[in-house]
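See structure below.
Only this structure's heavy atoms are used, side chains among them; waters, hydrogens and symmetry mates stay out.
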Protein chains: 4
Amino acid sequence: MDATPPRHLSPRKSPRQQRALVTLDAIFESTIQVLLADGPHRLTTTRVAERAGVSVGSLYQYFPHKQALLYALNERYLDRLAERIETVCEEQQGAAAAEMIEALVSAYWRAKTERREVTRALYRSAVELDNEALLEAFARRVDAATAAMLASASDGGGSDLALVNTTLLSVIFGTVRNLFERNLPEAQEANIREQLVILCRAYLAARTSVPAN
Amino acid sequence: MDATPPRHLSPRKSPRQQRALVTLDAIFESTIQVLLADGPHRLTTTRVAERAGVSVGSLYQYFPHKQALLYALNERYLDRLAERIETVCEEQQGAAAAEMIEALVSAYWRAKTERREVTRALYRSAVELDNEALLEAFARRVDAATAAMLASASDGGGSDLALVNTTLLSVIFGTVRNLFERNLPEAQEANIREQLVILCRAYLAARTSVPAN
Amino acid sequence: MDATPPRHLSPRKSPRQQRALVTLDAIFESTIQVLLADGPHRLTTTRVAERAGVSVGSLYQYFPHKQALLYALNERYLDRLAERIETVCEEQQGAAAAEMIEALVSAYWRAKTERREVTRALYRSAVELDNEALLEAFARRVDAATAAMLASASDGGGSDLALVNTTLLSVIFGTVRNLFERNLPEAQEANIREQLVILCRAYLAARTSVPAN
Amino acid sequence: MDATPPRHLSPRKSPRQQRALVTLDAIFESTIQVLLADGPHRLTTTRVAERAGVSVGSLYQYFPHKQALLYALNERYLDRLAERIETVCEEQQGAAAAEMIEALVSAYWRAKTERREVTRALYRSAVELDNEALLEAFARRVDAATAAMLASASDGGGSDLALVNTTLLSVIFGTVRNLFERNLPEAQEANIREQLVILCRAYLAARTSVPAN
DNA sequence: CATGAATGAGCTTTCATTCAT
DNA sequence: AATGAATGAAAGCTCATTCAT
């Protein structure tokens, strides 16, 4: 994330050597694995280190404490997620708004469901964390990307684009999370995902045709 | 909730004496207070008991373990929330769909924001918990209520009402949660809340005018 | 037992009424049941009371504390055991020594194995207890009974009857306990029991024929 | 013992560093001390650690739980005991049976009475434990050693040596335990110990002269 | 530097016992 | 007398973190 993390949550050292980078990756992956296998309250630094194939001591070379590890993990995850969304947004420059919506929902959904359990694990890991700042930075970054995309829509954007854009993001992100929390049969889930696109399009259409709200 | 809780999460005994009822209420309220003041990972049974003005032992008379306490708290909360929604749904019987939406969003929003911090606390407490069953029961109950309401709409409901209904709920609940996670300025939050209504109405309208989807 | 129990271990009141006697019996039986079902470290006063169909409060009417309950239980058990041995000893007055041995081992064995699990439970319950005095009183009582029996043997007793008698008791009681601790196949257990009789007889015979040791 | 302990009772890790070995030894010795000083139901992990001069945490580095500690302690004790008996048995190869008996009883008695209170403590600790398997392994090991010894007796062994052997062990072990449970005056105890040898010899003699049982 | 043994505060849970009703 | 809710000391055990090796 571009949000500079609060001082006390920063990783201890930025790894400059190759070996360090590999270790760091191993730690992150191990964290996710432990989260998946043991749940968030069984997530211990010892277990993470063990699974990563390093000693606890080493783990503490990279992160001053557990919170910093989780923070960094979330940061990394959100960073990649934001990147993917930005890419889609750039690809959709100048397309029709309806297609943009489909592309956006599609990309977000895919990113979240590719490794469903990982997503779930990260949702959960976040609770132990004061990650509001992280989420806010993510939101702003995505907001900017989608706003630029929508502004370039071939069929215009209507008035108050900023509000519409932010609303759409809240709706999409919120709905997807809601679907994650219920364990609906796959078919029904797919149906709702489809409806989500219809719904966003209907909203956009309504806003475009009645610019004055 | 009407979903009987899993065996291991059931409360230990239902209080029959007056003082027991008082104790139980004190424990629930105290749990919320501790959740608010100290956050979910500082929530200890000792602290809860202390703040409730009872001994730990008493807490364990009513709940076999910490999880059961949190489970019961969520159950209670969701129960009351469902009740409120059901009431609104009954009041709106026969109204216009657009008004129904406004009433529904309004009621849900009010319920969640009356005691913002409590809501936030409960969202967080839920993570330590296997409350999928609880949420599912809640969802089904609300689903039934809103489905009945929408079916009675004076301006008809279009086809595939069940899917539309479930989608609306996921969107509304999800969006509200998303707003809770970001800490937007109040004005912006209010704006988005308003857009949410517009969006749902647009969706409904789109679905009604194109019955065959 | 005739050993007056240490002051602090005495039951609180000697029940004079019929009802009280029934309750007391229920408590004792319940104690054994809990011991069997849950093991000695799951034996709680609450559980005992519950299973006996009385309230904890009532249990404490009869016993000033848990130890007293266990003490009384062991006392009762040893009392009955001693009684049975005494009966056998009286019946064997004047018989041949070899038959006495058989009768003694037989009676003791039967008493212990009639309700194997109960025996085991009581062996275990004793550990929480300072029951040396109880055991000593039991030993003395049995010692007296068997000594009198052996003295009346039709084929004489040899010299140093007291020592021989005490030795026999230690050997018999000890061996039986040992068999209880190992879980030998029944057939083998029966064989050893049989050998025990042979062994005691051989000892007696040796002592009788070589009076001066 | 050579019987691999049940999974849940295995020690957590075998110490590889020197200081770890010291810690482990301190814990074992401390356990015995606490057992002696406070009795088995005052034996707490905290107390053991404290007396060993280490933290509770350290104790739990080596043992997954209290039971495992007690199990390991008993295992160690029985292991050493078995070793001593095996040594004696080897030394007695080819001797006269009567001397074997004396040597066996003597060795066992010495091992048990060298540190009487420790023996008593271990007898008691065992009750909180599911150590049947341990005892069985010990019994089998000793059984093999004494059987081999007896088979080599210069004066022959009679028929059914296996049964005779097992019987002797049950009698010796059981009787010694019984003596431990009563608190007889030392002189009397010594006398009975002596009788025990006589008794075992008489049994052996009887069995040898009547080979067909 | 990496290691992993050691730490100990702090958590959850139990249970003998009391005492207001 | 009988009840059982309440008590709270004390137990077993965990885990983030440190630091001697």
Here the distance between atom C1' of E/dA5 and atom CG of D/L24, to the nearest Å, is 13 Å

Measuring only between side-chain heavy atoms, which start at C-beta, is A/L36 closer than 4.5 Å to A/I32? yes

With rounding to the nearest 0.5 Å, note down the distance linking OH in B/Y60 to NZ in B/K66. 8.5 Å

Where DNA chain E forms runs of at least three Watson-Crick or G-U pairs (i with j, i+1 with j-1, under 3.5 Å), the stems are E:2-21 with F:2-21

Can you tell whether the side chains of D/R51 and D/D38 come within less than 4.0 Å, N to carboxylate O? no

Please tell me if the side chains of A/L78 and A/L135 come closer than 4.5 Å, counting only heavy atoms from C-beta onward. yes

Quick test: give all pairs of protein nitrogen or oxygen and nucleotides 9-12 of chain E nitrogen or oxygen below 3.5 Å, distance rounded to 0.1 Å.
from	atom 1	to	atom 2	distance (Å)
E/dC11	OP1	B/R47	NH2	2.9
E/dT12	OP1	B/K66	NZ	2.9
E/dT12	OP2	B/T45	N	3.0
E/dT12	OP2	B/T45	OG1	3.3

Calculate the interatomic distance between A/L69 atom CG and F/dC15 atom P; express it in whole Å. 15 Å

Please confirm whether the shortest side-chain N or O distance from D/S58 to OP1 or OP2 of E/dA5 is below 4.0 Å. no

When you measure from the side-chain N and O atoms of B/Y62 to the phosphate of F/dA5, is any distance below 4.0 Å, counting only OP1 and OP2? no

Side-chain heavy atoms of A/I27 within contact of A/F63, under 4.5 Å: yes

Can you find a donor-acceptor N/O pair under 3.5 angstrom joining the side chain of B/Q61 to the base of F/dA6? yes

Can you measure A/L59 atom CG to F/dC15 atom P for me and round it to whole angstrom units? 15 Å

Considering only NZ, NE, NH1 and NH2 on the basic side and carboxylate oxygens on the acidic side, decide whether A/R115 and A/E29 come within less than 4.0 Å. yes

For the atom pair CG (A/N131) and CG (A/L70), what is the distance rounded to the nearest 0.5 Å? 10.0 Å

In whole angstrom, give the distance that lies between atom CZ of A/F63 and atom P of F/dT18. 16 Å

Min side-chain heavy-atom separation A/S58-A/T23 under 4.5 Å: no

Toward the 5' end of DNA chain E, which comes first, B/Q67 or D/S55, by nearest nucleotide? D/S55

Please work out if A/H41 contacts a base, only the sugar-phosphate, or nothing of the nucleic acid, heavy-atom cut-off 4.0 Å. sugar-phosphate

Whole-Å distance, B/E50 CD to F/dA9 P, equals 12 Å

Please output the side-chain donor-acceptor pairs of residues 42-50 of chain D that fall under 3.5 Å, not counting sequence neighbours, one pair per line with the distance.
from	atom 1	to	atom 2	distance (Å)
D/T44	OG1	D/R47	N	3.0
D/R47	NE	D/R42	O	2.8
D/R47	NH2	D/R42	O	3.4

